[in-house]
There are 2 protein chains.
Amino acid sequence: MGVGRPREFERDVVLDRAMQVFWSRGYEATSIRHLVDRMRIQRGSLYDTFGDKRALFFAAIDRYDRVVTAKLLAALDEPASGKDAIRRFFRFKVELALEPRRPRGCLVTNSASELASRDRGAATRVGAVLAKIEAAFHRAVVRAQKAGEVDRTRDPRALARFLTSSAQGLSVMAKAFPERAVLEDIVGVVLAALESRRIPWAKSST
Amino acid sequence: MGVGRPREFERDVVLDRAMQVFWSRGYEATSIRHLVDRMRIQRGSLYDTFGDKRALFFAAIDRYDRVVTAKLLAALDEPASGKDAIRRFFRFKVELALEPRRPRGCLVTNSASELASRDRGAATRVGAVLAKIEAAFHRAVVRAQKAGEVDRTRDPRALARFLTSSAQGLSVMAKAFPERAVLEDIVGVVLAALESRRIPWAKSST
DNA sequence: TGTTTTCTTGACCGATCGTTCAGGAACTGA
DNA sequence: TCAGTTCCTGAACGATCGGTCAAGAAAACA
């Protein structure tokens, strides 16, 4: 920081606040006026720091990736049993979903639904986060297969895709039915799914 | 239709058009101006017929329920094997997701993500549709259990919740990664999940 | 033809939207 | 102190928002 007036706020502090707002209300329904209120800076400072509303939104997604998703991924990459890691991920996700003061659902899921088919930048970011999650699931599945916890004849990529999709489904259900019993039922079956054998079931009537 | 000028448009025809728009852009990002363009009626007619934007949106959800979801549910309630019915549902869902000129994702999933935590009316409607889907899955699972296609020791409610959640996850993934290979991988694992035995896995480290 | 009823149109309304920028404030360095 | 740099504020801008309603049109009926 050289010559000039020092900034009065921490960029990441106000970005966290913006992230909460976007997470709660989505992009389109969030006005600059609301953001200004919640971030506790004025409009000019918002624009000077982040550029414009869309750029701020992207910064919020990136922040979510670094703060929230990173925790979920850390749970997956623990050098323990792949099976335990996956369970820990979903456990954490359920707890996250039921936290009282936290917005419902997941910023990435919400953004995929709201914007992925209309905004290239959002689609790119959302796709990157989902791909990252899938890759982490993939590593955990491979670990589990090596340890004999998951049947080795199963396609780890398909399992990783399934687990990623299940996490998104859980986020949506958490929004529509924020009840522990519902979410735990779902997680129970998802985790049990890793126990099944490889069966060409989906194709049997082709 | 008694005295007075006859209406020049069919309510359901213009409602279908509105549904396409909301499905594609969501609620907040859809302006009356855009709706007017797409529905091919003027603002006054839109308000006279549907009341206001929110009411039109609800009418569109109800229409989606009657036109699209009903087809999916019909696939589930076919008096055939419960297992086949579930497979047919997901097959149909993948085809729907990959149709070229159809909006990505699913209006219900999108609405849950966008509005369920902020708009009571939307939450109610979305919740009702999801509950309907879950009930249909439940019936199919029970049928499959009776026929010995699915292990009877499994909780049909948990399985129905899982399948409903999986359908939502698939809609989100279809938006982020609209590729057949991805969606079919997911469906393959979802369907294989019904093959697994009941194992108290999610609770083993309590 | 005139009256009544219902429908269609689109200009208009007040409010809000996202963005800009002039004026003033807080700092450094000469 | 002054000049330059950077930050903060919020009024103002042009555009758009959702909703209203007066005027005219299309019908049935007397």
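Chain letters run A, B, ... following the sequence lines, proteins first, then strands; residues in each count from 1.
Without hydrogens or angle criteria, Ser165(A) side chain to Arg161(A) main chain gives no donor-acceptor distance under 3.5 Å. At distances below 3.5 Å, at least one donor-acceptor pair connects side-chain atoms of Lys53(B) with backbone N or O atoms of Thr30(B).
Using a 4.5 Å cut-off on side-chain heavy atoms (C-beta onward), Met39(A) and Phe50(A) make contact. Side-chain contact between Ile41(B) and Val36(B): absent, with no pair of heavy atoms (C-beta onward) separated by less than 4.5 Å. Under the 4.5 Å side-chain criterion, counting only non-hydrogen atoms from C-beta, Lys175(B) is in contact with Asn110(B). Between Arg40(B) and Val14(B), every side-chain heavy-atom pair lies at or beyond the 4.5 Å cut-off. Arg143(B) has its side chain out of reach of Ser81(B): every pair of non-hydrogen atoms, C-beta onward, lies at least 4.5 Å apart. Residues Leu46(B) and Gln42(B) are not in side-chain contact: their nearest non-hydrogen atoms beyond the backbone lie 4.5 Å or more apart. Considering only heavy atoms from C-beta on, Arg180(B) comes within 4.5 Å of Glu95(B) through its side chain.
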Identify each atom pair where a protein N or O and an N or O of nucleotides 22-25 of chain D are less than 3.5 Å apart, giving names and distance.
| unit_1 | atom_1 | unit_2 | atom_2 | d |
| --- | --- | --- | --- | --- |
| dA25(D) | N3 | Arg5(B) | NH1 | 3.4 |

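Residues Glu114(A) and Ser113(B) bring no donor and acceptor atom of their side chains to less than 3.5 Å of each other.
A heavy atom closer than 4.0 Å to some atom of DNA chain D occurs in Ile32(B), Arg33(B), these being the qualifying members of residues 32-40 of chain B. At a non-hydrogen distance threshold of 4.0 Å, nothing from residues 114-126 of chain B comes into contact with DNA chain C. Listed in residue order, the members of residues 15-31 of chain B having a heavy atom less than 4.0 Å from DNA chain D are Thr30(B), Ser31(B). Contacts between residues 45-57 of chain B and DNA chain C, defined by a heavy-atom separation under 4.0 Å, are made by Ser45(B), Asp48(B).
If you measure from atom CD of Glu8(B) to atom P of dT8(C), you get 5 Å, rounded to the nearest angstrom.
A donor N or O paired with an acceptor N or O is found under 3.5 Å between the base of dT19(C) and the side-chain atoms of Arg43(A).
Taking every heavy atom of both residues into account, Ser117(A) and Ser24(B) meet most closely at OG-O, 4.2 Å.
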| request: Using the salt bridge (Lys or Arg N to Asp or Glu O under 4.0 Å) rule, take Glu10(A) and Arg7(A) through it: C-alpha gap first, then chi angles, then the decisive distance, then the call. | output: CA-CA 8 Å; Glu10(A) 294 266 2; Arg7(A) 179 171 287 160; over 6 Å; no
| message | Test side chain to side chain contact (heavy atoms under 4.5 Å, CB included) on His138(A) and Arg157(A); report intermediate values, then the result. | response | CA-CA 6 Å; His138(A) 191 276; Arg157(A) 190 174 63 173; 4.2 Å; yes
| request: Carefully, step by step, assess Arg139(B) and Glu134(B) under the rule salt bridge (Lys or Arg N to Asp or Glu O under 4.0 Å). | output: CA-CA 9 Å; Arg139(B) 293 194 293 274; Glu134(B) 184 183 314; over 6 Å; no
| request: Begin from the C-alpha positions of Val68(A) and Leu96(A) and carry the test side chain to side chain contact (heavy atoms under 4.5 Å, CB included) through to its verdict. | output: CA-CA 9 Å; Val68(A) 180; Leu96(A) 223 45; 3.9 Å; yes
| task | Decide yes or no on ring-ring contact (aromatic ring centres under 6.0 Å, His included) for Phe89(A) and Phe137(A), but give the supporting numbers first. | result | CA-CA 9 Å; Phe89(A) 174 97; Phe137(A) 272 131; 4.7 Å; yes
| request: Test side chain to side chain contact (heavy atoms under 4.5 Å, CB included) on Arg54(A) and Asp119(A) and set out the steps. | output: CA-CA 10 Å; Arg54(A) 186 160 169 264; Asp119(A) 184 296; 2.7 Å; yes
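Classification of the Tyr27(A)-Phe22(A) ring pair by plane angle, with boundaries at 30° and 60°, yields parallel.
When the side-chain nitrogen and oxygen atoms of Gln42(B) are compared with OP1 and OP2 of dT8(C), none of them lie within a distance under 4.0 Å.
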| query | For DNA chain C, what string of dots and brackets results from 5' to 3' when Watson-Crick and G-U pairs need both distances under 3.5 Å, crossing pairs get [ ], and pairs with another strand get |? | reply | ||||||||||||||||||||||||||||||
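Relative to the side chain of Pro6(B), the nucleotides dA27(D), dG10(D), dG19(D) differ in distance, and dA27(D) lies closest.
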